[in-house]
Amino acid sequence: MKKILNDVNAVVDEMLDGMVAAHPKELKRVEGTTVVVRADAPVKGKVGIVSGGGSGHEPAHGGFVGKGMLDGAVAGEVFTSPTPDQVFEAIKAVDGGEGVLLVIKNYTGDVMNFEMAGELAEAEGIKVKQVVVNDDVAVEDSSFTSGRRGIAGTVFVHKIAGAMAESGASLDEVEAVANKVIKNVKSMGMSLSPCTVPAAGKPGFTLAENEMEIGTGIHGEPGVERTEVLPASDIVKTLFAKVDDDLQLTSGEEVAVMINGLGSTPQMELYIMNHTLSKLLKEKDLNVTETIVGEWMTSLEMAGASISVLRMDEQLKELLAAPANTVAFKR
Amino acid sequence: MKKILNDVNAVVDEMLDGMVAAHPKELKRVEGTTVVVRADAPVKGKVGIVSGGGSGHEPAHGGFVGKGMLDGAVAGEVFTSPTPDQVFEAIKAVDGGEGVLLVIKNYTGDVMNFEMAGELAEAEGIKVKQVVVNDDVAVEDSSFTSGRRGIAGTVFVHKIAGAMAESGASLDEVEAVANKVIKNVKSMGMSLSPCTVPAAGKPGFTLAENEMEIGTGIHGEPGVERTEVLPASDIVKTLFAKVDDDLQLTSGEEVAVMINGLGSTPQMELYIMNHTLSKLLKEKDLNVTETIVGEWMTSLEMAGASISVLRMDEQLKELLAAPANTVAFKR
Amino acid sequence: MNLTVKTTISWLEKFDEKIQVNKDLLTDLDQAIGDGDHGINMSRGLTEVMKTLESKSFQTIGDLIKGVAMTLIGKVGGASGPLYGSAFLKMGAKIGAKEQLSDEELLEALKEGEQAIIQRGKASVGEKTMVDVWSPLLEDFSQETHINWEDLKVAAHEKMTGTKDLHAKKGRAAYLGARSVGHIDPGAMSSYLLFESLAETMMEGENNNG
Amino acid sequence: MNLTVKTTISWLEKFDEKIQVNKDLLTDLDQAIGDGDHGINMSRGLTEVMKTLESKSFQTIGDLIKGVAMTLIGKVGGASGPLYGSAFLKMGAKIGAKEQLSDEELLEALKEGEQAIIQRGKASVGEKTMVDVWSPLLEDFSQETHINWEDLKVAAHEKMTGTKDLHAKKGRAAYLGARSVGHIDPGAMSSYLLFESLAETMMEGENNNG
Ligand SMILES: Nc1ncnc2c1ncn2[C@@H]1O[C@H](COP(=O)(O)OP(=O)(O)O)[C@@H](O)[C@H]1O
Ligand SMILES: Nc1ncnc2c1ncn2[C@@H]1O[C@H](COP(=O)(O)OP(=O)(O)O)[C@@H](O)[C@H]1O
Ligand SMILES: [Mg+2]
Ligand SMILES: [Mg+2]
Ligand SMILES: [Mg+2]
Ligand SMILES: [Mg+2]
């Protein structure tokens with residue numbers, strides 16, 4: 001394992017320290033916790049939004065804290081859901097009296113820990129709602145299992161719910177629009193190489209020189225299929241077909257798309273993917289209102305990428321385009 | 001070599017196509033060239049700024065095209081300076097009547113090709129000036145050699161010269177402030193792993209599992225020293241010492257800093273670097289006006305990072321903080 | 001032998017030891033069908049539990065177990081944190097101010113823990129989770145008034161290895177679908193270590209007391 | 001033998017062939033002390049030169065060489081593009097409308113090319129660049145009226161291998177400082193291939209013409 005770090009057990013603490021030191025005007029850390037919040041938190045009279053999860057997905061989630069997106073982000077250990085007390089601290093730090101929405105990615109650990117935090121907060125009289133993002137169509141959607149994972153589509157939820165909260169909407173309204181995004185955003189990813197959790201010291205899986213994995217999760221969870229390395233155009237077609245299959249997009253509809261790098265895939269390759277994706281969308285006569293390309297929900301230094309498609313309407317368009325001023329996402 | 005691509009010989013073309021398709025409101029491509037310019041280029045009455053170089057440094061340089069930074073970016077083949085005719089096309093496309101500043105990174109190839117383009121443009125009556133960025137203190141500064149390389153510090157030149165041009169300054173004034181930045185910005189990088197130029201198909205160098213390289217260039221040029229992998233704090237101390245040695249920073253001065261990831265180094269590690277860097281700066285009693293952390297001047301999927309420090313004054317502070325609206329850098 | 005505050009501490013110490021020794025194994029199991037952090041999570045959690053036991057003294061088994069629960073909830077994270085945490089929390093509540101537990105009372109408390117896991121995680125038997133150790137094991141011994149700890153240890157081991165053939169429906173391994181078959185569930189392994197530690201502690205106690 | 005439009009084309013075809021065959025070698029040399037693209041750059045450039053030669057017909061050597069120059073300038077990029085491009089441009093200008101070149105005239109034209117490289121790149125002899133093939137080689141033969149092409153080929157090879165021991169002061173290899181010693185300069189290698197192609201073309205011509 002080759003990484004720039006000091007102590008594998010201190011990576012999250014040192015990261016948060018370095019982050020807050022870099023952006024003192026934008027962020028502050030709730031002392032003694034792994035929580036970063038807006039420098040001006042709590043914002044009186046505004047619904048607060050808290051997200052988070054295991055670390056290793058940077059810029060998610062701390063990079064999305066700021067005006068127009070999240071009020072607070074809770075960082076767990078690398079790829080490990082944060083504990084309820086930490087989430088509770090975040091809720092308390094951002095509650096401006098209008099309640100707090102928790103944006104949870106659908107992983108058993110995240111759901112349970114955030115849920116327990118919500119229970120703690122409600123016991124203290126803070127109104128809490130939660131939404132669970134499950135955009136990953138690589139995984140079968142079944143009520144008999146824990147269902148689909150939350151991956152890069154979560155960033156759309158952050159952005160749009162954040163804009164809604166900023167507009168002065170109520171907790172119910174913010175929850176409703178978050179759920180609208182969740183219903184309409186689908187994603188799928190692939191990887192060319194694994195990543196290494198610092199404390200584990202070795203890669204989460206192995207791929208031969210000519211292999212790639214379709215449907216890999218953002219924690220290095222093995223994907224759903226292993227194939228030889230395909231050309232970029234075939235990769236994009238495969239991912240988009242699965243997403244489209246689920247969204248059932250029809251001619252004339254408006255969509256926003258995200259091509260998300262998982263860590264070590266150069267932007268060059270992400271744009272090469274869009275070379276194909278933009279053509280596919282045009283062929284299907286879809287109107288692309290926005291294309292977001294970059295690293296938003298990473299998996300440490302994994303090589304690979306995901307595609308997310310969000311079906312738009314007027315409300316979502318307006319909220320996605322609304323101003324945001326966070327460290328990683330500015331509009 | 002594992003990459004998401006179609007044809008190794010088409011990577012630049014497909015990247016530019018995918019980029020312009022993703023950002024049609026921000027960018028347009030000069031047809032038949034490898035040049036992208038602001039969607040509203042040429043901006044009448046404004047000095048134009050053109051930069052560029054080999055591809056593989058994304059988001060540099062196309063990602064910095066937009067209001068407040070570059071007017072045009074010329075993409076060469078991967079790690080290969082673009083040819084004079086392409087640079088000339090960019091100059092023509094952005095000239096709004098007030099002349100064009102070329103921001104060149106100090107590599108023999110870039111300097112020669114941009115110089116030839118400048119000669120072509122002047123022959124057509126376009127006023128052209130050029131500045132050469134040479135911020136890499138890893139390399140000996142000697143008038144007997146081609147001198148120091150231009151690396152991540154170049155982004156400060158883009159930002160500040162861009163803001164100056166946006167303010168309506170003359171070509172001479174824009175050139176002067178660019179040279180002021182160049183004089184006051186120093187950088188140094190290191191790498192943990194090499195990168196692979198698609199057409200080459202194999203890594204540019206090799207490093208053993210316990211080795212790192214100090215002073216690596218952004219084209220995979222071998223660095224100046226090979227050591228065992230050091231802790232993050234020692235890496236930062238080593239890089240900063242060299243930079244400080246050159247800048248001779250004194251107590252009470254103001255600086256802006258950039259921690260730049262070279263491609264596959266997770267943001268987590270960049271912030272861990274800042275954990276140490278921000279302390280070093282404080283110990284030296286330096287005032288940090290801005291810390292910019294992320295991937296700005298990459299080297300494909302190389303693992304590693306560089307540190308840049310820019311000595312500030314009132315003018316530079318104002319220009320660095322001025323609005324910018326490009327695909328990759330927003331302010 | 002009755003469980004006391006002292007033997008409960010021995011149980012937890014043994015569990016900690018086994019978790020630390022098997023940290024890499026747990027991580028390997030989780031890398032195969034999850035995200036590779038189960039060993040790290042449990043190791044961190046038990047290290048903290050040991051700190052709690054050192055820094056505080058507990059008068060009753062219930063308080064002790066609740067203290068452990070709070071540490072697990074606050075330090076483990078992931079799926080296993082809330083699950084083990086909830087289990088210990090409910091066990092502690094059930095035990096209350098007792099300073100001694102008969103086998104029957106201990107089984108009742110463990111049963112509470114099992115119910116807490118099921119309530120929190122909503123997994124059923126056969127879905128390849130730690131539930132596949134807890135539920136059938138406690139079911140097997142539900143009629144006993146005196147537990148044969150050697151038997152319990154062997155049975156726990158069987159339940160644990162039995163998860164190998166299951167097709168995961170809950171937790172991260174569920175994403176793998178059929179590819180999850182052939183691997184032991186990491187949480188089942190750590191649960192086995194918990195029961196193994198308990199059994200060994202009880203057997204040692206019996207031997208010492210004649 | 002005099003150089004004609006036809007033999008100039010043969011020279012360039014041979015150069016193209018050698019560049020394509022040695023593409024990986026050039027890349028390897030550039031990976032060792034540069035950025036690993038010299039083979040790719042030259043290969044791309046010569047492929048385009050071949051296209052230019054196919055698509056256009058040239059009446060004079062000067063026009064032909066200028067056409068090659070424009071293609072190199074427009075297609076190679078990097079440091080080698082402007083250098084080879086400038087060299088061919090100045091050679092073409094020197095040759096002008098001639099349809100035949102004596103050895104003396106050819107040497108004069110090559111000398112112009114060498115000067116163009118030095119003017120553009122500002123490197124001197126001994127700085128480990130292509131100049132270390134061009135300058136000493138042309139110097140060696142500057143007094144000749146009839147070139148012994150076998151000798152020239154051998155001499156070019158010597159100059160090329162001689163760059164191995166040099167400490168780079170110009171180009172990317174300069175960043176390596178003393179670590180550049182022990183590696184042949186990639187541009188010196190491609191320049192050697194250029195002269196080798198010329199020599200072999202001339203020798204073949206002489207053999208064919210008796
Ligand atoms: N819904 C659930 N019910 C019961 N146990 C579960 C559930 N989900 C996961 N587990 C258990 O948790 C273990 C994984 O724990 P751990 O790796 O620490 O957390 P995470 O899956 O969040 O990384 C699994 O092996 C399984 O035994
Ligand atoms: N200033 C210079 N003068 C003469 N030749 C040079 C100079 N700089 C570089 N070269 C030649 O160019 C070669 C490298 O070419 P190439 O790899 O194509 O370009 P780049 O260095 O831009 O990647 C070097 O091996 C050297 O021979
Ligand atoms: Mg986990
Ligand atoms: Mg090059
Ligand atoms: Mg796990
Ligand atoms: Mg080169």
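Every chain is numbered from 1, with letters handed out A, B, ... down the list of sequences.
Neither the backbone nor the side chain of Val257(A) comes within less than 4.5 Å of any heavy atom of chain B. Heavy-atom distances place no part of Lys282(A) under 4.5 Å from chain B, backbone and side chain included. In this structure, chain B has heavy atoms under 4.5 Å from both the backbone and the side chain of Leu207(A). Both the backbone and the side chain of Met268(A) have a heavy atom closer than 4.5 Å to some heavy atom of chain B. For chain B, the nearby part of Val327(A) is the side chain; its heavy atoms alone come within less than 4.5 Å. Residue Val229(A) touches chain B through its side chain alone, counting heavy-atom pairs closer than 4.5 Å. For Ala303(A), no part lies under 4.5 angstrom from a heavy atom of chain B. In this structure, the portions of Ile272(A) lying under 4.5 Å from any heavy atom of chain B include both its backbone and its side chain. Residue Val236(B): no heavy atom, backbone or side chain, is found under 4.5 Å from chain A. Contacts of Met1(A) with chain B are made by backbone atoms alone, with heavy-atom separations under 4.5 Å and no side-chain atom involved.
To the nearest 0.5 Å, atoms CD (Glu269(A)) and CG (Leu5(B)) are separated by 6.0 Å.
Of the possible donor and acceptor atoms, none in the side chain of Asn6(A) sits under 3.5 Å from a partner among the backbone N and O of Pro231(B).
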Under 3.5 Å, sequence neighbours excluded: what are the donor-acceptor pairs made by side chains of residues 53-70 of chain A?
residue  : atom : partner   : partner atom : Å
Ser55(A) : OG   : Gly76(A)  : O            : 2.7
His57(A) : ND1  : Thr298(A) : O            : 2.7
His57(A) : NE2  : His219(A) : NE2          : 3.1
Glu58(A) : OE1  : Gly56(A)  : N            : 3.0
Glu58(A) : OE2  : Gly56(A)  : N            : 3.0
His61(A) : NE2  : Lys105(A) : NZ           : 2.9

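Side-chain contact between Glu209(B) and Lys2(A) is present, with at least one heavy-atom pair separated by less than 4.5 Å.
When all heavy atoms of Ile4(A) and Met190(B) are compared, the pair lying nearest together is CD1-SD, 3.8 Å.
Contacts between residues 199-206 of chain B and chain A, defined by a heavy-atom separation under 4.5 Å, are made by no residue at all.
For the set Met302(A), Lys279(A), Glu295(A), Lys25(A), the count of heavy-atom pairs under 4.5 angstrom toward chain B peaks at Glu295(A).
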